[in-house]
Amino acid sequence: EKEDQGNISGWEGTEVDLVLNVNQPITEGDLELDLTGAEIARRPLELVDNGNALKATLLLEKPGTYRILDLIAKKTGWKSKTSQSYEIAVQMDEAPSIRILQPEDRALLVPADDILPIFVSAKDDLALDKIEYHARVNSKKWMKFPVPGLNVPIGEKEVSHPFEIDLMELKLRPNDRVTSSSSQRT
């Protein structure tokens with residue numbers, strides 16, 4: 001996200017290229033990061049465009065501030081003052097939630113060739129990518145199935161969707177026990 005005032009904000013995990021354009025060529029400069037819960041860190045800025053710009057790549061993980069230190073002019077050797085502090089705001093990605101609304105009863109006794117109607121509701125602070133249902137027969141490995149009828153990526157923050165599970169696809173035998181769950185990805 002471009003910020004003309006120097007402050008940076010974005011989702012947790014976003015990689016940001018901080019580019020500083022200067023009015024004269026620079027030979028060096030440092031970036032100071034003061035992030036919540038961490039020691040103050042100082043690192044050199046990368047010179048780009050023959051010293052007419054400086055660059056640093058930041059991974060947004062913690063909020064805090066940054067400053068620019070010790071810019072040195074190429075022609076005169078003049079050392080700049082420390083810049084003001086600029087804010088780094090990190091919006092945390094909350095875990096998505098999914099609820100199985102139907103069937104309401106969680107322990108069902110159904111024939112092995114039944115079609116089981118399901119109604120799910122999922123939401124997240126970011127757009128949902130996909131919803132899957134997982135099934136396990138007895139103690140075997142979990143199997144994953146896409147929820148039919150949903151586009152991938154979903155592209156919405158909240159979705160409620162009915163679908164059916166054809167138990168024949170699970171190749172059940174009499175007295176098999178099926179455990180199921182749902183998952184979503186943003």
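Side chains included, hydrogens not; waters and symmetry mates left out as well; all remaining heavy atoms used.
Annotation: the span from Lys141 atom NZ to Arg136 atom CZ amounts to 12.5 Å, rounded to 0.5 Å. To the nearest 0.5 Å, atom CD1 of residue Ile26 and atom CG of residue Asp49 are 12.0 Å apart. Lys74 NZ to Glu28 CD: the interatomic distance, rounded to the nearest 0.5 Å, is 12.5 Å. Rounding to the nearest 0.5 Å places CG of Leu60 at 11.0 Å from CD of Gln91. Note that NE2 of His134 and CH2 of Trp142 are 8.5 Å apart. Values are rounded to the nearest 0.5 Å. To the nearest 0.5 Å, atom OG of residue Ser160 and atom CZ of residue Phe119 are 4.5 Å apart.
Linking ILVMFWY residues whenever their side-chain heavy atoms come closer than 4.5 Å, directly or via other members, places Ile98 and Val159 in the same cluster. When the side chains of ILVMFWY residues are joined at heavy-atom separations under 4.5 Å, either directly or via intervening members, Leu59 and Tyr86 end up in two distinct hydrophobic clusters. There is a path of hydrophobic side-chain contacts, each under 4.5 Å, that joins Val120 to Leu108. Linking ILVMFWY residues whenever their side-chain heavy atoms come closer than 4.5 Å, directly or via other members, places Val110 and Ile118 in the same cluster.
In Arg99, the CZ atom is not crowded: 12 or fewer heavy atoms of neighbouring residues, nucleotides or ligands sit closer than 6.0 Å. Within a 6.0 Å radius of CG in Asn151, other residues, nucleotides and ligands contribute 12 heavy atoms or fewer. More than 12 heavy atoms of other shown residues, nucleotides or ligands fall within 6.0 angstrom of atom CG in Asp17.
Not a single donor-acceptor pair under 3.5 Å links the side chain of His161 to the backbone N or O of Val147. The main-chain N or O of Glu94 is found under 3.5 Å from a side-chain atom of Asp125 such that the two form a donor-acceptor pair. Judged by distance alone, with hydrogens and angles left aside, the side-chain atoms of Asp166 form a donor-acceptor pair with the main-chain N or O of Met168 at under 3.5 Å. In this structure a side-chain-to-backbone donor-acceptor pair under 3.5 Å is missing from Thr76 to Ala73. A donor-acceptor pair is defined here as one N or O able to donate and one able to accept, closer than 3.5 Å; no such pair exists between the side chain of Asp34 and the backbone of Gly64. Between the Ser80 side chain and the Leu71 main chain, a donor and an acceptor come within less than 3.5 Å of each other. Using modelled atom types, no side-chain atom of Asp114 and backbone atom of Pro111 make a donor-acceptor pair closer than 3.5 Å.
Side-chain contact between Thr57 and Val16 is absent, with no heavy atoms from C-beta onward closer than 4.5 Å. Using a 4.5 Å heavy-atom cutoff, the side chains of Ile131 and Leu150 are in contact. A 4.5 Å side-chain heavy-atom check between Leu54 and Val22 finds at least one atom pair inside the cut-off.
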Practice problem: Run the numbers on Leu167 and Asp113 for side-chain contact (heavy atoms from CB on, under 4.5 Å), then give the verdict. | Solution: CA-CA 6 Å; Leu167 297 179; Asp113 62 349; over 6 Å; no
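Between Lys157 and Asp124 no salt bridge is recorded (no basic side-chain N to carboxylate O distance below 4.0 Å). Between Asp30 and Arg43 there is no salt bridge, since none of the side-chain N atoms of the basic residue sits less than 4.0 Å from a carboxylate O of the acidic one. In this structure, Glu132 pairs ionically with Lys130, as a charged nitrogen and a carboxylate oxygen lie closer than 4.0 Å. Between Arg67 and Glu32 there is a salt bridge, with a side-chain nitrogen of the basic residue lying less than 4.0 Å from a carboxylate oxygen of the acidic one.
Among Leu69, Leu20, Leu58, the one residue that satisfies the side-chain contact (heavy atoms from CB on, under 4.5 Å) test with Leu31 is Leu58. Checked options Leu18, Asn7, Leu33; the residue passing with Ile88 is Leu33 (criterion: side-chain contact (heavy atoms from CB on, under 4.5 Å)).
Aromatic ring centroids of Phe163 and Tyr133 lie under 6.0 Å apart.
Closest approach of Asn52 and Gln24 over heavy atoms only: OD1-C, 3.9 Å. Nearest heavy atoms, Ala53 versus Val19: CB-CG1, 4.3 Å. Contact detail for Trp11 and Met92: the closest heavy-atom pair is CZ3-O, 3.6 Å. Closest approach of Met143 to Val137, counting heavy atoms only: CE-CG2, 3.9 Å.
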